[in-house]
Amino acid sequence: MTDDRAQRDTPALPYQPPRLPDLSAPAFGGTDLVEHFRRLEEITRRRADRQAAPSTLFLPDFVTLAAEDSLDLGDLGEDLLEDARANIARGEYALALEQLAEFLELSPGRSEARYLQAYCHYRLGDLMTALEITLPMRHERLDDPAVRKGVLDLRATLCDVLTPVEVGTFLDTRHRDPRAADDRLRRFIDVAPEQTEPPYLLALLQAVDGDYVSAFHTARNAADRADGDVAHLRALADALALLAVRPLSKDVVRALYDGAYQRARKALARLDRQWRELEMLRDLDGFLAQLTRTNRSPSKPLPAPNIPADRATRLYALIADLHREEALDLVDARRWAEAERVLAEILRVVPAYPPPNLLYAFCLLSQGKEPERAIAAAEVAARDPELPEAKALLRTAKQLREVLAINAAFEEHNNAVGRVGSPPTREQLITLRRSMEQLRGRLPKLAAMATTRDSTRRVRELGQAVTKQVREIDLAMADLEVSALVERFNEWARQLTLGWPVGSPGRSDRLEGELIAAEAERLKATHPHARQLLQQMINGIDRARRFR
């Protein structure tokens with residue numbers, strides 16, 4: 001086995017780690033408002049197509065019937081209420097308002113009269129006053145179902161007309177005078193709290209200004225007061241809660257990373273009560289108490305908090321936020337090793353949080369190392385449906401594992417071949433053959449690991465290289481055996497030329513010749529390429545016997 005042959009038969013390392021999938025910035029830290037801002041753009045775009053809803057409000061039955069009946073004067077100015085009803089039926093809204101004002105001085109709080117007041121303002125075009133009058137009636141107990149229905153129908157009509165106007169004015173004027181625009185929209189929100197769009201817009205624009213505290217209060221209060229579907233308001237309030245409390249809770253979270261759980265709880269207790277009562281910070285306090293009770297070592301990964309999964313995710317976001325910007329900046333700068341260390345510190349505290357697990361796996365794969373850890377991290381990230389890159393990253397991590405395993409096998413093959421000298425010694429060939437047999441024993445596992453055509457092909461190529469190498473070793477071993485036998489034959493022949501009689505007492509020349517001939521016959525069967533040479537030795541020994 002020559003150097004040239006070894007160089008020619010040594011396969012190159014197969015291929016580099018697979019190409020990583022594109023990675024968009026994950027919602028790491030739970031502060032992503034992109035979806036909400038997209039909704040803002042949609043509302044702004046739709047505004048041009050929206051018009052004030054036409055008035056479809058009709059007189060309630062009790063007003064129409066009162067105009068047809070004769071007046072029935074009663075106590076506490078009931079005649080005034082009857083006159084107001086009749087005037088409303090005739091369209092005399094201003095006169096009816098005067099009568100209703102007099103009646104309410106005599107019977108304050110009468111729901112029917114207050115409703116008719118609001119109705120008159122509506123018919124006279126004073127829509128905001130109508131909203132203000134009916135606002136407290138939203139939650140009052142109104143025994144008369146006709147009045148109750150009238151209040152709800154009137155407010156629905158007023159909101160249909162006023163909401164697009166107020167939203168449009170807000171969007172048109174806020175860039176010029178934010179304070180005035182916000183104050184006007186707040187007044188409308190106060191008299192129309194059942195509406196979701198105005199407070200949603202106000203909270204978003206406050207967030208754009210960086211006033212996360214005001215934005216959070218706007219969204220949360222609206223979610224508690226509005227009617228209908230408030231899921232988008234609650235989602236916005238949840239996102240804003242983290243933005244609002246993270247600067248307040250930095251000392252708490254920093255103490256948590258240090259393992260100083262008691263110090264963290266004391267820092268948390270110093271926050272204003274309005275913040276401490278937030279579910280997120282109550283969960284943080286409970287988590288700190290859990291760690292304190294178990295005396296958890298800060299050097300080990302921390303356990304999960306004993307809270308539902310959705311709340312745990314928000315808590316993880318708050319805790320991870322301490323190092324969020326640093327990690328993202330390092331990833332953006334492609335400083336993978338440094339980013340890996342920062343992310344490992346985050347995952348020590350929140351090991352089950354998907355976004356940093358995604359980035360951690362990406363950093364490991366970008367360095368082409370530790371596929372098992374990358375797989376474990378990608379599996380955690382893949383549990384989050386909002387991280388679509390995680391599944392592709394998990395596949396890449398598994399491919400890297402097989403690539404590195406196959407590369408290591410190729411490198412083991414090449415290193416073993418490279419250690420053989422030229423010409424090789426018998427010991428070197430024995431060692432090389434042992435290495436090739438061990439490598440061949442691992443080929444089934446490598447083949448089972450292969451998930452791509454390229455990996456399958458490379459394992460097959462490695463198997464062919466190992467088989468060829470074993471064959472070459474056997475040939476080289478044969479060459480050594482034949483060479484050794486030739487030397488032995490030559491030494492035997494040299495002894496004959498010294499003039500010692502064949503078979504002389506005390507000599508074993510005859511026996512040696514027979515042994516050499518027997519070995520040559522054996523080697524002929526296993527070393528066909530040296531058969532002619534071996535036969536020549538056998539013939540030479542046979543002639544020597546005849547001349548003995």
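The closest side-chain heavy-atom distance from Leu131 to Cys159 is below 4.5 Å. Contact check for Lys398 versus Met449: no side-chain heavy atoms found under the 4.5 Å cut-off. Using a 4.5 Å heavy-atom threshold, the side chains of Phe170 and Phe188 count as separate. When side chains are defined from C-beta on, Val350 does not count as touching Leu302, because their heavy atoms never get closer than 4.5 Å. Proximity of Cys363 to Val331: side-chain heavy atoms (C-beta onward) are separated by under 4.5 Å at one or more points. Between Arg265 and Asp285 there is a side-chain heavy-atom pair separated by less than 4.5 Å. Considering only heavy atoms from C-beta on, Val245 stays 4.5 Å or farther from Leu271 through its side chain. A heavy-atom distance below 4.5 Å is found between the side chains of Trp336 and Arg334.
Side chain of Asp258 to main chain of Ala260: no donor-acceptor pair is present (N/O by atom type, distance under 3.5 Å, no hydrogens or angles). When atom types are taken as modelled, the side chain of Asn87 and the backbone of Asp83 share a donor-acceptor pair closer than 3.5 angstrom. With Asn357 contributing its side chain and Pro351 its backbone, the two residues share a donor-acceptor pair below 3.5 Å. Between the Asp211 side chain and the Ser214 main chain, a donor and an acceptor come within less than 3.5 Å of each other. The closest donor-acceptor contact from the side chain of Thr173 to the backbone of Thr169 lies under 3.5 Å. Judged by distance alone, with hydrogens and angles left aside, the side-chain atoms of Arg110 form no donor-acceptor pair with the main-chain N or O of Leu106 at under 3.5 Å. Without hydrogens or angle criteria, Ser107 side chain to Leu104 main chain gives no donor-acceptor distance under 3.5 Å. For Glu340 (side chain) and Leu364 (main-chain N/O), no donor-acceptor pair under 3.5 Å exists by modelled atom type.
Of the N and O atoms on the side chains of Thr163 and Gln195, at least one donor lies less than 3.5 Å from an acceptor on the other residue. Neither side chain, Tyr257 nor His323, offers a donor N or O lying under 3.5 Å from an acceptor on the other. Judged by distance alone, the side chains of Gln399 and Thr452 never bring a donor and an acceptor atom under 3.5 Å apart.
One finds the CG atom of Leu201 at 9.5 Å from the CZ atom of Arg39 (value rounded to the nearest 0.5 Å). Considering CD of Gln262 and CG of Leu288, their distance stands at 9.0 Å, rounded to 0.5 Å. Taken to the nearest 0.5 Å, the CZ atom of Phe216 stands 4.0 Å off from the CZ atom of Arg220. Separation of atoms CG (Leu135) and CG (Asp190) is listed at 8.5 Å; rounding is to 0.5 Å. One finds the CG atom of Leu393 at 7.0 Å from the CZ atom of Phe362 (value rounded to the nearest 0.5 Å). Taken from CG in Leu446 to CD1 in Ile406, the straight-line distance is 6.0 Å, to the nearest 0.5 Å.
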Report the C-alpha separation of Asp251 and Arg270 in whole Å, then their side-chain angles, then the decisive distance to 0.1 Å, and conclude whether the salt bridge (charged side-chain N to carboxylate O under 4.0 Å, His left out) test is met.
CA-CA 11 Å; Asp251 289 343; Arg270 289 195 293 269; 5.6 Å; no
Kindly indicate, with the supporting measurements, whether the criterion salt bridge (charged side-chain N to carboxylate O under 4.0 Å, His left out) is fulfilled by Arg225 and Glu194.
CA-CA 6 Å; Arg225 299 167 65 194; Glu194 61 263 53; over 6 Å; no
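With sequence neighbours excluded, the residues that form a side chain to side chain contact (heavy atoms under 4.5 Å, CB included) with Glu277 are Arg273.
The two atoms that bring Leu315 and Asp283 nearest to each other are CD2-O, 4.0 Å, heavy atoms only. Summarising the geometry of Ala130 relative to Leu158, their closest heavy-atom pair is CB-CD1, 3.6 Å, with the distance given to 0.1 Å. Among all heavy-atom pairs drawn from Gln290 and Pro303, the shortest one is NE2-CG, 4.0 Å. Leu256 and Ala264 make their closest contact through N-CB, 4.1 Å (heavy atoms, listed as atom of the first residue, atom of the second, distance).
Ring geometry for Trp275 versus His217: interplanar angle of 30 to 60°, hence tilted.
Salt-bridge annotation for Glu140 and Arg114: present, with a side-chain N of the basic residue lying under 4.0 Å from a carboxylate O of the acidic one. Salt bridge status for Arg184 with Glu166: present, with a side-chain N to carboxylate O gap under 4.0 Å. Salt bridge Arg155/Asp160: absent, no basic N to carboxylate O contact under 4.0 Å. Looking at Asp272 and Arg276, no side-chain N of the basic residue comes within less than 4.0 Å of a carboxylate O on the acidic one, giving no salt bridge. Electrostatic pairing of Arg348 and Glu345 counts as a salt bridge here, judged by a charged N lying under 4.0 Å from a carboxylate O.
Heavy-atom neighbours of Lys250 NZ from other residues, nucleotides or ligands within 6.0 Å: above the threshold of 12.
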